[in-house]
Amino acid sequence: KAPIDCFYVYPTVSTDTTPNSDMTADPAERNVVRQQFARFGSVCRPFAPLYRQVTLAGLRRSLAPGGGGTHFERGVQFDDVRDAWNYYLQHDNNGRGVVLVAHSQGSFIVAELIRQEIDGKPIQSRMVSAILMGTSLAVPKGKDVGGAFQHVPLCHSASQTGCVITFASFRSTAPPPANTL
């Protein structure tokens, strides 16, 4: 009976040995949904699609010298989340407001989802907010839009809707490096 929905894209956790995970949830994928997202179920109707994320093994390979780097915002991982989003909109949303929640790899994917599927489109009116943990978004100095998104602003207050919250946290015993954004 929650008044809104939450759509969650989890971080890099798959222990599959292949570059991308399969479509069978391993214990790490199930556990992160329980630990990070289940609590949202007290305030929204939760949706957490399984997707073929870049695995921990795939991430190590891509970050190694000559590995080509990471491109979470394209490939099967993005395609799976975009397809899940469109399925959710067609079959489950029914005009309800939705909070997009993501962490790490999921945040890169959801940022691209917002750019391609939400920013400046009619569906934007249903976006209550987006909470993108473990990433940063480009925004011109003194502006709320115009960098990562053209029409979706950064949030400035707890009562603001239709906006994005982004942050990264660090342990007190391991402060952020000097070049952290």
Side-chain angles (χ1 to χ4, degrees), residues 2-13 29 31-51 53-54 59 70-74 77-78 80-82 84-86 88-89 92-93 95-172 174-181:
I4 61 171
D5 294 342
C6 288
F7 187 90
Y8 173 67
V9 182
Y10 51 90
T12 309
V13 294
E29 289 163 316
N31 191 45
V32 75
V33 171
R34 277 193 301 274
Q35 287 184 347
Q36 290 189 349
F37 186 58
R39 66 192 74 225
F40 282 84
S42 67
V43 294
C44 61
R45 208 169 50 145
F47 293 86
L50 185 65
Y51 70 105
Q53 69 167 220
V54 174
L59 182 61
T70 57
H71 300 283
F72 299 129
E73 70 282 0
R74 60 181 187 250
Q77 61 277 1
F78 175 77
D80 287 351
V81 172
R82 184 193 55 223
W85 171 251
N86 287 324
Y88 156 76
L89 289 176
D92 298 306
N93 177 263
R96 295 165 55 89
V98 60
V99 175
L100 295 151
V101 182
H103 182 198
S104 189
Q105 178 174 172
S107 292
F108 287 97
I109 293 169
V110 169
E112 187 63 22
L113 182 76
I114 292 170
R115 272 190 286 281
Q116 289 188 24
E117 305 287 326
I118 298 170
D119 192 19
K121 297 184 174 151
I123 191 65
Q124 184 177 336
S125 67
R126 288 192 236 161
M127 190 180 91
V128 175
S129 66
I131 304 169
L132 306 181
M133 300 170 275
T135 192
S136 59
L137 295 172
V139 179
K141 190 171 183 138
K143 304 280 184 181
D144 290 337
V145 295
F149 309 129
Q150 298 305 307
H151 305 281
V152 177
L154 298 176
C155 295
H156 287 278
S157 73
S159 61
Q160 188 177 356
T161 59
C163 55
V164 176
I165 301 162
T166 182
F167 65 92
S169 61
F170 297 86
R171 296 182 189 278
S172 61
N179 64 347
T180 300
L181 299 175

Heavy-atom closest pair, residues Leu113 and Phe78: N-CE1, 3.6 Å

Tyr10 ring center near Tyr51 ring center (under 6.0 Å): yes

Atom pair CD1/CZ of Ile4 and Arg45 - distance to nearest 0.5 Å: 11.0 Å

pair Phe170-Pro176: side-chain heavy atoms closer than 4.5 Å: yes

Any donor-acceptor N/O pair, Lys121 side chain to Gln116 backbone, under 3.5 Å: yes

With sequence neighbours excluded, residues passing side chain to side chain donor-acceptor pair (under 3.5 Å) with Asp92: none

Closest non-hydrogen atom pair, Pro140 against Gly147: CD-N, 3.5 Å

Donor-acceptor contact below 3.5 Å, side chain Gln53 vs main chain Gln105: no

Which atom of Pro46 lies closest to which atom of Phe37, heavy atoms considered: CB-CE2, 3.4 Å

Check: His103/Gln36 side-chain N/O donor and acceptor closer than 3.5 Å: yes

Worked verdict on Asp5 versus Val99 for side-chain contact (heavy atoms from CB on, under 4.5 Å): CA-CA 6 Å; Asp5 294 342; Val99 175; over 6 Å; no

Asp144/His156 under side-chain contact (heavy atoms from CB on, under 4.5 Å): CA gap, chis, key distance, verdict: CA-CA 9 Å; Asp144 290 337; His156 287 278; 2.6 Å; yes

Spatial distance of atom CD (Glu117) from atom CG (Leu89) [nearest 0.5 Å]: 8.5 Å

Trace of the side-chain contact (heavy atoms from CB on, under 4.5 Å) decision for Leu132 with Ile165: CA-CA 6 Å; Leu132 306 181; Ile165 301 162; over 6 Å; no

Over all atoms of both residues, closest heavy-atom pair of His151 and Val145: C-CG1, 4.0 Å

Heavy-atom pair with the smallest gap, counting every atom of Ile118 and Ile123: CA-CG2, 3.7 Å

Cys6 side, atom SG; Arg39 side, atom CZ - distance, nearest 0.5 Å: 12.5 Å

Reference residue Ile114; test side chain to side chain contact (heavy atoms under 4.5 Å, CB included); the match among Ile109, Val152, Leu137: Val152

ring-ring contact (aromatic ring centres under 6.0 Å, His included) involving Tyr88 - partner list, sequence neighbours excluded: Phe7, Phe47, Trp85

Partner residues of Phe108 under the ring-ring contact (aromatic ring centres under 6.0 Å, His included) criterion, sequence neighbours left out: Phe72

Taking every non-hydrogen atom, the tightest pair across Met133 and Val101: CE-CG1, 3.8 Å

Within-4.5 Å side-chain heavy-atom neighbours: Val164 and Pro153: no

Distance in Å, Leu100 CG paired with Ser129 OG, rounded so as to fall on 0.5 Å steps: 8.0 Å

CZ on Arg82 to CD on Gln77, rounded to 0.5 Å: 11.5 Å

Nearest-0.5 Å distance that lies between atom OG in Ser107 and atom CD in Glu112: 13.0 Å

